[in-house]
Amino acid sequence: EVCSSDLMTKTKKILLAFMCFIIIGGVLYKINDVRQKNEKSVQAIITNNQNIKLKKIVNEKLLAKAKAKKVEQAKEAQKVKSAKEAKALLEINKKKEALKKNLAKVVVIDPGHASITSKVLEREAPDSIKTKIKEPGGAQGINTRTPEYVVNMAVAVRLKALLVKKGYNVKMTKTQNSQMLGNIARAEVGNNAKANLVIRIHADSNDDSSVNGASMLVPTDTKNTDPIYKLSKQYGQVVFRSLIKDVGMNDRGVVERDDMTGFNWSKVPVILVEMGFLSNRSEDQMLSTGAYQDKLAKGLADGIEAALK
């Protein structure tokens, strides 16, 4: 019985020790598990903080890069703006210089014909015995019945306005349709003004109503016109080229003439433009409209500016 009792006591002690071992093992396991979880949590927090710091650094770098790019773009924009402003200023200065130069240049505009005719004779050239009447009256529109002198004056007034705007010193041989001047007197206006160019404004006529287009008349090289021949022809070609380009009418060319009183008495470069045919129904209609007269004036003004550069 004593032995049996001792055995029971030993067994209980072993069981108790085993249970204690299990409990202690479980506690240690739990403690270790909690520790590992804490370590993971701490590591996650550290990693997260590192990620936040890294993201912040990346964002700061990107922001700095964006700012630098913006500054560079602003510099480039300023350069472009400065270049544009410099170019604009250069253009303004060029225009100012052109206006100054043009102001010293005299252009005389001679609107052809008048509402009053004159059969008084005048010599065709200083050394000629041939004579012509001072004012034959000019042509008339085949449909509109508009007198040539009305068309000529309308274009002349528009041309003057454009040339004044370009800075030229502009003189007119006459400002009223009722003013009757002979061709010698018209030439003297240009001579007395020491004009850089005299432009005579006319419209044409022909028995054949199908004939149309513009032409530019210039002096032939004669004893009287030799000093002005080359410049007159050169100016005539440049002005006529501009007129045809701007208006687009039929080109009848630059024609030399030795029978024009206004040419033969001129001591300064002179040209005469025939803007179209009043005997042609279509051109008659156009020549009588303000819009077409504006186009003619612009073509002539641009040509004169190109010629006198």
Side-chain angles (χ1 to χ4, degrees), residues 93-112 125-126 152-175 179 181-202 214-247 253-258 260-275 293 296-309:
N93 289 334
K94 280 184 180 179
K95 286 180 180 179
K96 284 182 179 178
E97 287 301 314
L99 287 173
K100 285 180 183 177
K101 288 179 182 178
N102 290 346
L103 191 59
K105 294 173 182 175
V106 179
V107 177
V108 171
I109 303 172
D110 178 27
N152 297 341
M153 182 63 77
V155 174
V157 169
R158 286 167 165 79
L159 176 57
K160 179 183 178 182
L162 292 175
L163 291 176
V164 167
K165 191 175 180 181
K166 290 177 183 290
Y168 292 97
N169 182 357
V170 183
K171 299 182 183 297
M172 301 268 285
T173 57
K174 50 181 261 182
T175 57
Q179 288 176 268
L181 295 173
N183 286 298
I184 294 176
R186 291 173 186 269
E188 286 302 321
V189 174
N191 294 342
N192 294 334
K194 294 181 172 55
N196 295 88
L197 175 64
V198 175
I199 179 165
R200 307 179 67 193
I201 309 294
H202 283 258
S215 59
M216 181 66 74
L217 310 186
V218 297
T220 302
D221 190 3
T222 67
K223 183 174 70 174
N224 294 307
T225 59
D226 182 69
I228 64 169
Y229 168 71
K230 286 184 180 179
L231 270 183
S232 295
K233 187 168 186 178
Q234 177 186 321
Y235 290 167
Q237 289 170 333
V238 174
V239 175
F240 190 57
R241 188 160 54 242
S242 172
L243 180 67
I244 295 299
K245 179 177 175 290
D246 280 15
V247 183
V254 176
V255 182
E256 294 186 11
R257 293 279 293 270
D258 64 359
M260 308 288 287
T261 305
F263 288 172
N264 294 331
W265 286 83
S266 183
K267 296 176 183 176
V268 294
V270 56
I271 60 178
L272 186 153
V273 61
E274 295 282 8
M275 302 178 293
Q293 291 164 1
L296 290 165
K298 183 181 182 302
L300 292 171
D302 290 347
I304 290 170
E305 184 176 36
L308 295 181
K309 276 185 178 178

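- Arg241 pairs by the salt bridge (charged side-chain N to carboxylate O under 4.0 Å, His left out) definition with nothing, not counting sequence neighbours.
- The shortest non-hydrogen separation linking Phe263 to Val218 is CE1-C, 3.4 Å.
- Judged purely by atom type and a 3.5 angstrom limit, Asn264 uses its side chain to pair as donor or acceptor with the backbone of Asp258.
- For Ala301, the side-chain contact (heavy atoms from CB on, under 4.5 Å) partners two or more places apart in sequence, or in a different chain, are Leu159, Leu162, Leu163, Lys166.
- Residues Leu243 and Val273 are in side-chain contact: their nearest non-hydrogen atoms beyond the backbone lie under 4.5 Å apart.
- Nearest heavy-atom pair across Arg158 and Gln293 is NH1-OE1, 3.1 Å.
- Of all the heavy atoms in Glu305 and Tyr168, the pair that sits closest is CA-OH, 3.2 Å.
- Under the 3.5 Å distance criterion, the side-chain polar atoms of Asn196 are matched with a main-chain donor or acceptor of Val106.
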Exercise for the section: Determine, stepwise, if the pair Leu296 / Ile201 fulfils side chain to side chain contact (heavy atoms under 4.5 Å, CB included). Expected result: CA-CA 11 Å; Leu296 290 165; Ile201 309 294; over 6 Å; no
Exercise for the section: Before giving the answer on side chain to side chain contact (heavy atoms under 4.5 Å, CB included), spell out for Met275 and His202 the whole-Å C-alpha distance, their side-chain angles and the decisive distance to 0.1 Å. Expected result: CA-CA 6 Å; Met275 302 178 293; His202 283 258; over 6 Å; no
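- Pairing each heavy atom of Val239 with each of Ala307, the nearest pair is CG2-CB, 4.2 Å.
- Heavy-atom minimum distance, Ile244 versus Ala214: CD1-CB, 4.5 Å.
- In this structure the side chain of Val107 reaches within 4.5 angstrom of the side chain of Leu308, judged on heavy atoms.
- Applying the side chain to side chain donor-acceptor pair (under 3.5 Å) test to pairs two or more places apart or on separate chains, none has a residue in residues 265-274.
- For Val189, the side-chain contact (heavy atoms from CB on, under 4.5 Å) partners at least two apart in sequence or on another chain are Val108, Thr173.
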Please list, one pair per line, the donor and acceptor atoms closer than 3.5 Å that link side chains of residues 223-233 to other protein atoms, with sequence neighbours excluded.
from: Lys223; atom 1: NZ; to: Asp127; atom 2: OD2; distance (Å): 3.2
from: Asn224; atom 1: ND2; to: Asp127; atom 2: OD1; distance (Å): 2.9
from: Thr225; atom 1: OG1; to: Thr220; atom 2: O; distance (Å): 2.4
from: Thr225; atom 1: OG1; to: Thr222; atom 2: N; distance (Å): 3.0
from: Thr225; atom 1: OG1; to: Thr222; atom 2: OG1; distance (Å): 2.9
from: Tyr229; atom 1: OH; to: Glu256; atom 2: OE2; distance (Å): 2.6
from: Ser232; atom 1: OG; to: Ile228; atom 2: O; distance (Å): 2.7
from: Ser232; atom 1: OG; to: Val270; atom 2: N; distance (Å): 3.1
from: Lys233; atom 1: NZ; to: Glu256; atom 2: OE2; distance (Å): 2.8

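- Sorted by first then second residue, the salt bridge (Lys or Arg N to Asp or Glu O under 4.0 Å) pairs that include residues 182-201, not counting sequence neighbours, are Asp110-Arg186, Asp110-Arg200, Glu135-Arg186.
- To the nearest 0.5 Å, atom CD of residue Gln237 and atom CE of residue Met216 are 10.0 Å apart.
- The shortest side-chain heavy-atom distance between Pro219 and Arg257 does not fall under the 4.5 Å cut-off.
- The nearest pair of heavy atoms linking Thr175 to Met172 is CG2-CB, 4.2 Å.
- Residues passing the side-chain contact (heavy atoms from CB on, under 4.5 Å) test with Asp246, sequence neighbours excluded: Ser242, Lys298, Asp302.
- Counting heavy atoms from C-beta outward, Leu197 and Val268 have side chains that stay 4.5 Å or more apart.
- The distance from the CG atom of Leu272 to the CG atom of Leu217 is 5.0 Å, given to the nearest 0.5 Å.
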